[in-house]
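The structure appears right after this line, and notes come after that.
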There are 2 protein chains.
Amino acid sequence: MSTPGRGLHGHVLDTLGPAITAGEYPPGSVLRTDELAQRFDVSRSVMREAVRVLESMHLVASRRRVGVTVLPQSEWNVYDPQVIRWRLAGADRPRQLRSLTVLRSAVEPAAAGLAAKHATPEQCSELTECALGMVANSRGHRLEEYLFHDVAFHRVILNASGNEMFARLGDVVAEVLAGRTHHEVMFEDPDPAAVTLHVQVAEAVREGDAERAERLTREITVGALHELDILAP
Amino acid sequence: MSTPGRGLHGHVLDTLGPAITAGEYPPGSVLRTDELAQRFDVSRSVMREAVRVLESMHLVASRRRVGVTVLPQSEWNVYDPQVIRWRLAGADRPRQLRSLTVLRSAVEPAAAGLAAKHATPEQCSELTECALGMVANSRGHRLEEYLFHDVAFHRVILNASGNEMFARLGDVVAEVLAGRTHHEVMFEDPDPAAVTLHVQVAEAVREGDAERAERLTREITVGALHELDILAP
DNA sequence: GGATCCAAAAAGTCAGACTTATATGTCACA
DNA sequence: TGTGACATATAAGTCTGACTTTTTGGATCC
């Protein structure tokens, strides 16, 4: 997916991270560095590096004479892309998808409004191109092609907002959209209404109509939330 | 502030992190682990742990035969609380405050709307208490006391939304509010209109009026944005 | 000029010895 | 019986030095 096999400590993280975020070790569980090092067949130095990374994500806390304690979910850095990926790969994927979708529905309309004010001509073109790509692939079960343009569309909006915090949510949105296509029930072609809305958002941004861009994007995200309610009520 | 002196590698991070986020090492700069270890007078193992943490924040990338490369700002995990703190402590604090305030103005109204639906009686009480605390300290230059209740108020809203992603922005909001009080020009007492709005939001949440809670909270955040425009146009 | 090979450089890994903080149990004393 | 001081064991933290692996850049050769 992202950066696989960036050393031994990376391999350890790929195993330990998902295990912790999946709740395999309940909060308060204590792990010992030496034992983990043995289990993963790596040296203590490598294991320590892995623990440091988990610590920086606030998944664990390391204390002398105690060990490596697993922290409660409320402490986790849930905005860390790595943590998001681990959790989306795990058991409570539905819960995770929902909370991310709620976040989207707060952020994306605001981003679209700003994009209408700040988008460069290039970004406007890209946006139109993405919307057209969505239209072109909205029928005939071309789900992957549709997804590709959908993700690109939302990335452009977030980037064009000019706000760094918004822009960095591009990966999150991509994960959510991909998750919807790949894991949820999706036999049918995308909702034609949603496709139209994307085209209209591109229009509004091009015309600099912030209010309209925001309102239309809100309709898109409300639709996404509604979809979740239908699939997992 | 948070977890000072959690070992030697923590001290290294406290120096290197702010230096990198402050742009002291331009993107593409190459550092060598051994040299850094010497500079900070720590062993290579400790230095490696620090580098691993910076790497997990996507501030740097470590490659064999090359060294530790500083990544461009666009790669940074800007939602990492540690990174946020480092950047707020640095030179582009104003920019950072602005982008965080824009984020707030997208998220908090939505959170308030959800809070109106999901807040427990306890949370409603807390909210009212906070609002009253703000009123009580809104005059006579009791800025610290006012800030305390203001932060608590917004934390309760975010938590009561029931959305984990929103809830985890409590620390960010706290930093922004604290930053405004401590570093921006703020001779005068808080805007009475803002105080009233907080009281009204507490009311709306208590009454379960989501639409009103959202609208009032939007007014608060619009005010915060407007304030920034006046101070740093 | 281009493909191939070589050597240096820096990160990566490992093993072992030592240090330090601290939770916990022990024991004396009240 | 409870309480405080003290000893001890434990696990993280640190350091060092040797070795491995990957990769870059240049030298060499065709």
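Throughout, protein chains are lettered first and strands after them, A, B, ... in sequence-line order, and every chain is numbered starting at 1. Keep in mind the model is a prediction, meaning the values are calculated, not measured.
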Gap between atoms CE and P, on M47(B) and dG12(C) respectively (whole Å) | 12 Å
Rounded distance (Å) that lies between atom C1' of dA11(C) and atom CG of L54(B) = 16 Å
Whichever of R32(B) and D41(A) has its nearest DNA chain C nucleotide further upstream toward 5' | R32(B)
Before accepting this row, confirm whether a basic side-chain N of the pair E55(B)/R52(B) lies closer than 4.0 Å to the acidic partner's carboxylate O.
-> yes
Whole-Å distance between dT14(D) P and E49(A) CD?
-> 13 Å
Distance only, no hydrogens: is a donor on one side chain within 3.5 Å (strictly under) of an acceptor on the other, for H198(A) and D150(A)?
-> yes
State whether R52(A) places a side-chain N or O below 4.0 Å from either non-bridging phosphate oxygen (OP1 or OP2) of dG13(D).
-> yes
Value in whole Å for how far the P atom of dA10(C) lies from CG of L36(B) | 12 Å
With the threshold set at 4.0 Å, does a side-chain nitrogen-carboxylate oxygen contact exist between E227(A) and R180(A)?
-> yes
For atom NE2 of H9(B) and atom C1' of dA12(D), their distance in whole Å = 12 Å
Using 30° and 60° as the class limits, which term best fits the ring planes of Y79(B) and Y79(A): parallel, tilted or perpendicular?
-> parallel
Where do V107(A) and L158(A) land on the side chain to side chain contact (heavy atoms under 4.5 Å, CB included) test, with the steps shown first?
-> CA-CA 9 Å; V107(A) 165; L158(A) 290 168; 4.2 Å; yes
Do you know which two heavy atoms are closest between P26(B) and E24(B), and how far apart they sit?
-> CD-O, 3.6 Å
Measure from CZ on R48(A) to C1' on dA11(D) and round the result to the nearest Å.
-> 10 Å
Whole-Å distance separating the CZ atom of F40(A) from the P atom of dC14(C) = 14 Å
Whole angstrom is fine here: how far is it from CG in D34(B) over to C1' in dC15(D)?
-> 14 Å
Taking protein heavy atoms under 4.0 Å as touching, what does nucleotides 15-25 of chain C look like 5' to 3' if B marks base contact, S marks sugar-phosphate-only contact and - marks none?
-> --B--BSBB--
